[in-house]
Amino acid sequence: MAAYVIRRLWQMIPTLLGVVLLVFFLFKYFGSDPSIILGGMNATPEQIASIRQQLGLDKPVWEQLLIFLKQIVTFDWGKSWATQEPVSALFASRMPATLTVTVPILILEVLLAIPFAMAVATVRGSLTDRAVMVCTTVAVSISLLVYVILAQYLFAFRLGWFPVQGWTKSFWVNLTTYAPLPILVVVAVGLAPQLRLYRSFFLDELGHDYVRTARAKGLSERTVLLKHVLRNALIPILTNVAVLLPGVFVGSFLIEVFFSIPGLGREILLAVNRGDYPVIQAFAIYLAALTMTVNLIVDLLYKLVDPRVVFK
């Protein structure tokens, strides 16, 4: 396993390098001129030239690329153009709020979708199965904005169970007071498609010969489902979670805006609106590294779920 991990880490280097080159040249040749953004429309040519010199934009392209690579290696992305706050400090200060929302969302979606999907798969073709499929189809068709508006109106305004907006420096207060409503909204949105997908995984496993053999041996339905079907279905489920994690991370951006959560997502959206290139570039690289790391962890979990998996 150690050799496999080392080999995968080596394979991640050229992939990450490709992302770095793509991000660099996209911002270099297709983005707006940073000196004009910082100087404003009324800046004089001398001011524009001074800003370009400070940012290193007057240097050759290869030298600018080396500076960009140095920023990635040292985690020193400079300062945000909008707030003058160091980008690394900005990420560190905004990340806890984002994780307070995204981690419970991911855990709840998986833990709720798996048993519900298994239960529905065992009664395939029944009235319950058809009713669940209709409900999930309707749920998938509804926009996130509708969920947000209804949740804020019903649970916050009418019932007063949760505050509409707010955030504090206390992790426990945030988790128990301000985070539950946005978590509830995102889980309600994400549970329907996950339930439909996981149901198909379980149905595929229930149709295999090993299930009929296990039942013929006299094993209880509970043992067949939990010991055999669930273990085999966890392989595609883990794959889906690996794909889902970056999506949950990015999808939380809108939730942070709607509920005024001072997380990284809201900061990224503000950076896009402001043309704050250092923040956007740092996020693009971090997200790529996170995606590759998650894929590696999930590949290792395959071996834990199914010992028959062989690393090549």
Side-chain angles (χ1 to χ4, degrees), residues 80 82-83 85 87 90-113 116 135-136 138-198 240-274 276 279-280 282-284 286-288 290-291 294:
S80 167
T83 64
E85 182 180 0
V87 175
L90 185 147
F91 274 62
S93 62
R94 307 299 194 275
M95 185 62 73
T98 297
L99 293 178
T100 302
V101 176
T102 55
V103 172
I105 288 172
L106 184 64
I107 294 175
L108 287 175
E109 280 191 6
V110 175
L111 293 183
L112 291 176
F116 286 156
C135 292
T136 54
V138 174
V140 171
S141 305
I142 300 175
S143 170
L144 171 63
L145 183 59
V146 176
Y147 283 94
V148 171
I149 294 175
L150 289 177
Q152 288 183 336
Y153 175 77
L154 179 61
F155 297 113
F157 178 71
R158 297 293 298 179
L159 299 177
W161 291 355
F162 307 102
V164 177
Q165 296 176 340
W167 206 256
T168 68
K169 295 182 179 180
S170 172
F171 167 77
W172 183 249
V173 172
N174 293 332
L175 185 62
T176 57
T177 304
Y178 298 107
L181 186 57
I183 291 173
L184 176 64
V185 171
V186 179
V187 170
V189 173
L191 184 60
Q194 299 308 315
L195 195 154
R196 292 176 64 90
L197 182 62
Y198 294 173
N240 179 70
V241 171
V243 177
L244 180 66
L245 182 57
V248 171
F249 194 81
V250 175
S252 67
F253 292 2
L254 294 177
I255 291 296
E256 292 181 10
V257 173
F258 292 143
F259 290 92
S260 296
I261 299 174
L264 185 59
R266 191 176 69 164
E267 198 65 40
I268 297 300
L269 290 180
L270 291 175
V272 171
N273 293 330
R274 298 166 176 168
D276 198 343
V279 176
I280 303 173
F283 173 73
Y286 284 149
L287 185 60
L290 173 66
T291 303
V294 169

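Owing to the predicted nature of the structure, the values given are computational and were not obtained by experimental measurement. Because only heavy atoms are used, hydrogens play no part in the values below, and waters and symmetry mates are left out as well, while side chains stay in.
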A.B. asks: For Pro104, enumerate each residue passing the side-chain contact (heavy atoms from CB on, under 4.5 Å) test, keeping only those at least two apart in sequence or located in another chain.
C.D. replies: Leu175, Ile183
A.B. asks: With sequence neighbours left out, what residues match Arg94 under salt bridge (Lys or Arg N to Asp or Glu O under 4.0 Å)?
C.D. replies: Glu85, Glu267
A.B. asks: Taking atom CG of Leu264 and atom CG of Leu287, what is their separation to the nearest 0.5 Å?
C.D. replies: 10.0 Å
A.B. asks: Does anything in residues 174-191 pair up under side chain to side chain donor-acceptor pair (under 3.5 Å), and if so which pairs, sequence neighbours excluded?
C.D. replies: Thr168-Asn174
A.B. asks: Can you give me every donor-acceptor pair (side chain of residues 184-196, partner residue at least two apart or in another chain, under 3.5 Å) with its distance?
C.D. replies:
| residue | atom | partner | partner atom | Å |
| --- | --- | --- | --- | --- |
| Gln194 | OE1 | Tyr198 | OH | 3.4 |
| Gln194 | OE1 | Asn240 | ND2 | 2.6 |
| Arg196 | NH1 | Met133 | O | 3.3 |
| Arg196 | NH1 | Thr136 | OG1 | 3.3 |
| Arg196 | NH1 | Thr137 | OG1 | 2.9 |

A.B. asks: Which pair of heavy atoms, one from Ile105 and one from Val101, lies closest together, and at what distance?
C.D. replies: CG1-O, 3.0 Å
A.B. asks: Could you report the tightest heavy-atom contact between Val279 and Phe91, atom names first, then the distance?
C.D. replies: O-CZ, 3.8 Å
A.B. asks: Which residue pairs pass the side chain to side chain donor-acceptor pair (under 3.5 Å) test with at least one member in residues 158-167, sequence neighbours excluded?
C.D. replies: Gln165-Ser260
A.B. asks: On a heavy-atom basis, which atom in Ala97 and which in Pro262 lie closest, and how many Å separate them?
C.D. replies: CB-O, 3.7 Å
A.B. asks: Atom OH of residue position Tyr286 - does it have more than 12 heavy atoms of other residues, nucleotides or ligands inside 6.0 Å?
C.D. replies: yes
A.B. asks: Mind checking what makes side-chain contact (heavy atoms from CB on, under 4.5 Å) contact with Pro96, not counting sequence neighbours?
C.D. replies: none
A.B. asks: With rounding to the nearest 0.5 Å, note down the distance linking OG1 in Thr100 to CD1 in Ile261.
C.D. replies: 8.5 Å
A.B. asks: Could you pull out every donor-acceptor pair under 3.5 Å between side chains of residues 142-156 and any protein atom, sequence neighbours left out?
C.D. replies:
| residue | atom | partner | partner atom | Å |
| --- | --- | --- | --- | --- |
| Ser143 | OG | Leu145 | N | 3.2 |
| Tyr147 | OH | Ala139 | O | 3.0 |
| Gln152 | NE2 | Phe258 | O | 3.4 |

A.B. asks: Do the non-hydrogen side-chain atoms of Thr98 and Glu256 ever get within less than 4.5 Å of each other?
C.D. replies: yes
